[in-house]
**Student:** 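Please see the structure below; I have some questions.
Numbers here are sequence positions counted from 1.
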Amino acid sequence: MKFSEFLSTTVIIACAVESVASHRDNSENIKLLESVNEILNDLQELEQEMNFYENVGSALVGETCQGFDESTGYSFPHCARGLHCVPLGPDYMTIPGAGKRCVEKHGGVGDPCDGFNE
């Protein structure tokens, strides 16, 4: 099980406990509800930290990605999560190995977008 799957499962369990505890009015359940809320807050902070560290060193929108920088001798980074590395095309001149940029992922040809299905 991946850590992100573990977090998702834990959040689901915590929400279920919170739901049960919120429907009762005794002090023991109120303490349980407070504890669950603390756990949920901690998990949310942990998830934000994980997302931050996962993208450290990754290329962001508009930055060069997945090529070899001959001037430094190092590879360009992969795109951050949720981004896609695409070639610039023949109209752009770049240093060798720097011909790709990170862009936001979009649907492909034939994918539904912008609207609703009547």
**Student:** Write down the atom of C102, the atom of A59, and the distance for their closest heavy-atom approach.
**Tutor:** SG-CB, 3.5 Å

**Student:** Considering non-hydrogen atoms only, spot the tightest contact between E70 and P96 and give its length.
**Tutor:** OE2-CB, 3.8 Å

**Student:** So, for R101 and T94, which heavy atoms are closest and what is the spacing to 0.1 Å?
**Tutor:** NH2-CG2, 4.4 Å

**Student:** How far does CZ of F76 sit from OG1 of T64, to the nearest 0.5 angstrom?
**Tutor:** 5.0 Å

**Student:** Can we say the SG-SG distance for C79 and C85 is below 2.5 Å?
**Tutor:** no

**Student:** Of all the heavy-atom pairs spanning E63 and S58, show the shortest one and how long it is.
**Tutor:** OE1-O, 4.1 Å

**Student:** Are any of the side-chain heavy atoms of V103 and L83 separated by less than 4.5 Å?
**Tutor:** no

**Student:** Please examine the side chains of L88 and K100, heavy atoms only from C-beta on, and report whether any two atoms are closer than 4.5 Å.
**Tutor:** no

**Student:** With sequence neighbours left out, what residues match E38 under side chain to side chain contact (heavy atoms under 4.5 Å, CB included)?
**Tutor:** none

**Student:** Does the side-chain hydrogen bond (donor to acceptor under 3.5 Å, both in side chains) test come out yes or no for Q66 and H78, once each step is laid out?
**Tutor:** CA-CA 5 Å; Q66 294 181 353; H78 291 280; 3.1 Å; yes

